[in-house]
Amino acid sequence: MSLFKNIFSTSEEENKESKIGWKPLTDLAQLDEINEASNVKPVMIFKHSTRCSISRMALRHFENDFDLEDTIIPYFLDLLEHRDISNEIANRFGVVHQSPQLLLISKGKSIYDVSHNFIDAKDLKNHI
């Protein structure tokens, strides 16, 4: 049974188990908030597909190594529920859509973006 739970879990279930205080990214207007907030503190966006085992693995590895709670504002985007937001992220920040994908936003610009097995919490530290 736990195998099926791991394969078919929802982003809500994933967020409940996470040690990261993810802010759900569910509305296009939040991108304006992210722009503003990134002028004060770096903002991270993790774009995740809840049906993709590679995305789930990348998320779990990232969460296990993440220790930047006071340094960064973490946003979580469920791509399946909010593809329009993902498309706007690609447009607004000049990145190619990937899944999974991690972006670091500072002063309204994407200064770092990686996808798939290149998502690494330790490497993220080097870009803050």
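Below, all heavy atoms of this structure are taken into account, side chains as well, without hydrogens, waters or symmetry copies. Since we're looking at a predicted model, the values are computed, not measured.
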Heavy-atom neighbours of Lys109 NZ exceed 12 at 6.0 Å: no

Taking the side chain as every heavy atom from C-beta outward, state whether His48 and Leu77 have any atom pair closer than 4.5 Å. no

Using the ring pair (Phe, Tyr, Trp, His ring centres under 6.0 Å) rule, collect all pairs that involve residues 51-72, keeping only residues at least two apart or in two chains. Phe46-Phe62, Phe62-Phe66

What's the separation between atom CG in Leu31 and atom CG in Leu25, rounded to the nearest 0.5 Å? 5.5 Å

Under 4.5 Å between any side-chain heavy atoms of Ser99 and Lys47, yes or no? no

With a 4.0 Å cut-off on N to O distance, would you call Lys125 and Asp67 a salt bridge? yes

Side-chain heavy-atom pair Ser115, Leu102 within 4.5 angstrom cut-off: no

For Asn87, is there any backbone N or O sitting under 3.5 Å from a side-chain donor or acceptor partner on Asn91? no

Between Asp123 and Tyr112, is there a side-chain donor-acceptor contact under 3.5 Å, judged purely by atom types and distance? yes

Test Lys122 against every option in Leu124, Asp120, Asn126 by the side chain to side chain contact (heavy atoms under 4.5 Å, CB included) rule and name the one that passes. Asp120

Can you check whether Pro74 reaches Trp22 side chain to side chain, under 4.5 Å on heavy atoms? yes

Start with the C-alpha gap between Leu28 and Asp84, add the side-chain angles, then the distance that decides, and say whether side-chain contact (heavy atoms from CB on, under 4.5 Å) holds. CA-CA 8 Å; Leu28 280 168; Asp84 59 329; 4.0 Å; yes

Does Phe118 share a hydrophobic cluster with Ile89, counting links as ILVMFWY side-chain heavy atoms below 4.5 Å and allowing steps through other members? no

Assigning hydrophobic clusters by single linkage (Ile, Leu, Val, Met, Phe, Trp, Tyr; side-chain heavy-atom cutoff under 4.5 Å), is Leu103 placed with Ile73? yes

Does Gly108 offer a backbone N or O that forms a donor-acceptor pair with the side chain of Ser38 under 3.5 Å? yes

Side chain Gln101, main chain Ile45, donor-acceptor under 3.5 Å: no

In short, Ile20 meets Glu63 closest at the heavy-atom pair CD1-CG, 3.7 Å

Set out, in order, the CA-CA distance, both residues' side-chain angles and the distance that settles side-chain contact (heavy atoms from CB on, under 4.5 Å) for Leu80 and Ser49, then state yes or no. CA-CA 6 Å; Leu80 299 179; Ser49 171; 4.0 Å; yes

Any side-chain heavy-atom pair of Thr26 and His82 under 4.5 Å: yes

Path from Phe93 to Ile85 over hydrophobic side-chain contacts below 4.5 Å: yes

Considering only heavy atoms from C-beta outward, does the side chain of Lys23 approach that of Gln30 to under 4.5 Å? no

Cationic N near anionic O, under 4.0 Å, Asp32 to Arg92: yes

From CG (Asn39) to NZ (Lys107), nearest 0.5 Å: 7.0 Å

Do Leu59 and Ile119 have side chains that approach each other closer than 4.5 Å (heavy atoms only, starting at C-beta)? no

With a 4.5 Å cut-off on side-chain heavy-atom distances among I, L, V, M, F, W and Y, is there a chain of contacts connecting Val114 to Phe76? yes

Using the rule given for side-chain contact (heavy atoms from CB on, under 4.5 Å), can you reason through Ile72 versus Val43, listing the C-alpha separation, both sets of side-chain angles and the distance that settles it, and then say yes or no? CA-CA 6 Å; Ile72 201 164; Val43 175; 5.9 Å; no

What residue among Glu81, His97, Gln98 forms side-chain hydrogen bond (donor to acceptor under 3.5 Å, both in side chains) with Ser86? His97

To the nearest 0.5 Å, what is the distance between OG on Ser55 and CG on Leu79? 7.0 Å

Locate the shortest heavy-atom distance separating Ile128 from Pro42; write the atom from each residue and the value. CG2-CG, 4.0 Å

